[in-house]
Amino acid sequence: MKILVINCGSSSLKYQLIDSETEKAIAVGLCERIGIDGRLVHTPAGREKLVLEKVLPDHDAAVQAVLSALTDSGHGVIGSLAEIDAVGHRVVHGGERFTKSVVIDDDVLQAIRECNDLAPLHNPANLIGIDACRKLMPGVPMAAVFDTAFHQTMPKKAYTYALPYEYYEKYKIRRYGFHGTSHSYVSRRAAEVAGLDYGNSKIIVCHLGNGASVSAVLNGRSVDTSMGLTPLEGLIMGTRSGDIDPAIIEFISKKEQKSLDDIMTLLNKKSGVYGMSGVSSDFRDLEAAATGGNQHAKDATEVFVYRTAKYIGSYAAAMNGVDAVVFTAGLGENDKVIRERICGYLGYLGVTVDAERNNIRGKEAVITTDDSRVKALVIPTNEELAIARDTAALVSGLQ
Ligand code: ADP
């Protein structure tokens, strides 16, 4: 089956056409600056990347541009749209309603709309992408794959905030967690690579990208994760603060005469390692600055490493042990120094990194010594493949 995977944001749309039998991408691409001017970067597998300046006034135009690129006689990869068997959409928030991926119908769309309040920046954009695809590919089955679904197995003790209960009842304020597709894919794959029985294992996944989260996966089910009602909670990220004392919001607001909106922007866009260092949200820049003697850059990475190590410790406690700690996403896959520094805090758990094994980028590997009591691994995430797998499975069930 050929599955088109769509990840639609407010001004961008990422896509991959994946062959579900070979599990390889046939083409990948990205529409940027939708509603501003427009640009399509399209890469057919094994061929040169193509940058097309396109007028993309809205998401319908972006989806149309993607379909044209896929079927183009020059840089296309399929003869006609009839070759696309199904579309898998990434949807950020599925609330409590969606515990797994589903085939999209009118009821599902309504339920996703009802979660808009919980993810006002993301869900409306995801819905626009779904609408545009339904319009331009009528009759093609579509699936929604939720970032929150994998974490719906969290027990109440892990998802409940210590707030008046009425706010959970009225507004469903609780912890949901995100990056679920990644945590699910990576934990399952880590069990295979480490030779563990997934249904009887304790795995901690560190998804360390620009957005970052940790999860505790017990016997193949997420039992805790660091992001909460929104992706702001938990680890320190590129530009997000992660956990802070909530009273800081009032404090800054009064001292600096800032509105709530300003402070939310500050916590989401101007904090994290970017805010602490004043240098960059990208660890490559931070490391270059630190090497050049920038103390703020050095401190920012240490605070990041320390917070991550503390979460790993708390999830080992939550599961009463751990078999494997897994690193994924941009930083987790590529940065051996950060991995080594995080593992440096985990000696008490029995994690012993092998420097040579850890000297890798972007490929699957066990990075601990043979006698390390707990294994650490690198497993590159592949959310698009996970979305394609779920979509193919759901669509096959329809036939
Ligand atoms: P997103 O959350 O946007 O999907 P990614 O998973 O792509 O983020 O991760 C992006 C981050 O990964 C970058 O900001 C950078 O900090 C880090 N990163 C990517 N490549 C490298 C590398 N080679 N060395 C160190 N850090 C890297």
Side-chain angles (χ1 to χ4, degrees), residues 5-16 25 28-30 32 41 90 92 119 121-122 125-126 145 147-148 177-186 189 205-215 225-227 230-242 268-292 294 296-298 300-305 307-308 326-343 358-365 367 378-387:
V5 175
I6 299 275
N7 180 355
C8 194
S10 57
S11 69
S12 72
L13 185 156
K14 290 187 205 149
Y15 63 94
Q16 285 198 12
V28 305
L30 165 70
E32 290 173 303
V41 184
R90 175 191 181 214
V92 167
L121 295 179
H122 294 100
N126 301 153
V145 178
D147 263 31
T148 49
F178 298 87
H179 292 143
T181 311
S182 177
H183 286 289
S184 163
Y185 173 89
V186 168
R189 188 69 202 129
V205 178
C206 307
H207 177 114
L208 309 179
N210 199 20
S213 66
V214 193
S215 68
T225 191
S226 56
M227 285 177 167
T230 76
L232 186 54
E233 188 178 346
L235 294 185
I236 289 160
M237 312 187 204
T239 62
R240 294 192 193 116
S241 64
N268 275 299
K269 302 248 163 79
K270 299 179 184 165
S271 299
V273 291
Y274 167 73
M276 285 188 289
S277 68
V279 172
S280 171
S281 61
D282 192 306
F283 277 78
R284 288 163 288 196
D285 301 336
L286 290 178
E287 277 152 29
T291 307
N294 184 315
H296 291 309
K298 274 189 207 170
T301 46
E302 192 53 37
V303 180
F304 172 88
V305 163
R307 171 88 53 93
T308 308
V326 194
F327 295 95
T328 194
L331 187 62
E333 291 167 25
N334 290 302
D335 197 327
K336 64 177 180 185
V337 178
I338 291 287
R339 288 194 300 258
E340 194 174 313
R341 285 170 65 186
I342 293 171
C343 289
N358 185 38
N359 189 16
I360 48 145
R361 284 183 50 182
K363 62 176 190 185
E364 292 182 345
I367 57 166
V378 173
I379 301 287
T381 192
N382 194 338
E383 287 162 284
E384 291 78 13
L385 175 58
I387 292 173

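Note that the numbering runs from 1 along the sequence shown for the chain. Read the numbers this way: they start at 1 and go in the same order the structure lists the ligands and their atoms. FYI, side chains are in, hydrogens and waters are out, and symmetry mates aren't considered; it's all heavy atoms of this structure.
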Say you draw a straight line from CD1 of Ile342 to CZ of Phe327; how long is it, rounded to the nearest 0.5 Å? 4.5 Å
Shortest protein heavy-atom distance from atom 6 (O) of ligand 1, along with the residue and atom involved: Gly330 N, 2.9 Å
Checking Arg307 now: which residues fulfil salt bridge (Lys or Arg N to Asp or Glu O under 4.0 Å) with it, not counting sequence neighbours? none
Tell me whether Thr301 contacts the main-chain N or O of Lys298 through its side chain, where contact means a donor paired with an acceptor under 3.5 Å. yes
Specify the protein heavy atom at minimum distance from atom 10 (C) of ligand 1: its residue, its atom name, and the distance to 0.1 Å. Asn210 N, 3.7 Å
Counting only non-hydrogen atoms of the protein, does one fall under 4.0 Å from atom 4 (O) of ligand 1? no
Counting both backbone and side chain atoms, is some N or O of Leu208 under 3.5 Å from an N or O of ligand 1? no
Taking only heavy atoms of Asp282 into account, list the atoms of ligand 1 that are under 4.0 Å away from them. 13 (C), 14 (O), 15 (C), 16 (O)
Do me a favour and list the nearest non-hydrogen protein atom to atom 22 (C) of ligand 1 with residue, atom name and distance? Asn334 CB, 3.4 Å
Plane angle bin for His179 and His207 - parallel if under 30°, tilted between 30 and 60°, otherwise perpendicular: parallel
Atom pair OG/CD1 of Ser226 and Ile236 - distance to nearest 0.5 Å: 11.5 Å
Atoms of ligand 1 close to Gly211 [distance to a heavy atom under 4.0 angstrom, numbered from 1]: 2 (O)
Shortest protein contact, atom 16 (O) of ligand 1 (heavy atom only): Phe283 N, 2.9 Å
Students should be able to answer this: which protein heavy-atom is nearest to atom 24 (N) of ligand 1, and at what distance? Arg284 CG, 3.5 Å
For ligand 1, is there an N or O atom under 3.5 Å from any N or O atom of Leu331? yes
Ion pair Glu384/Arg90, N-O distance below 4.0 Å: no
Is Asn358 reaching over with its side chain to a backbone N or O of Lys336, donor-acceptor style, under 3.5 angstrom? yes
Arg361, portion touching ligand 1 at heavy-atom distance under 4.0 Å: side chain
For Ser277 and Val273, indicate whether the former's side chain and the latter's backbone hold a donor-acceptor pair under 3.5 Å. yes
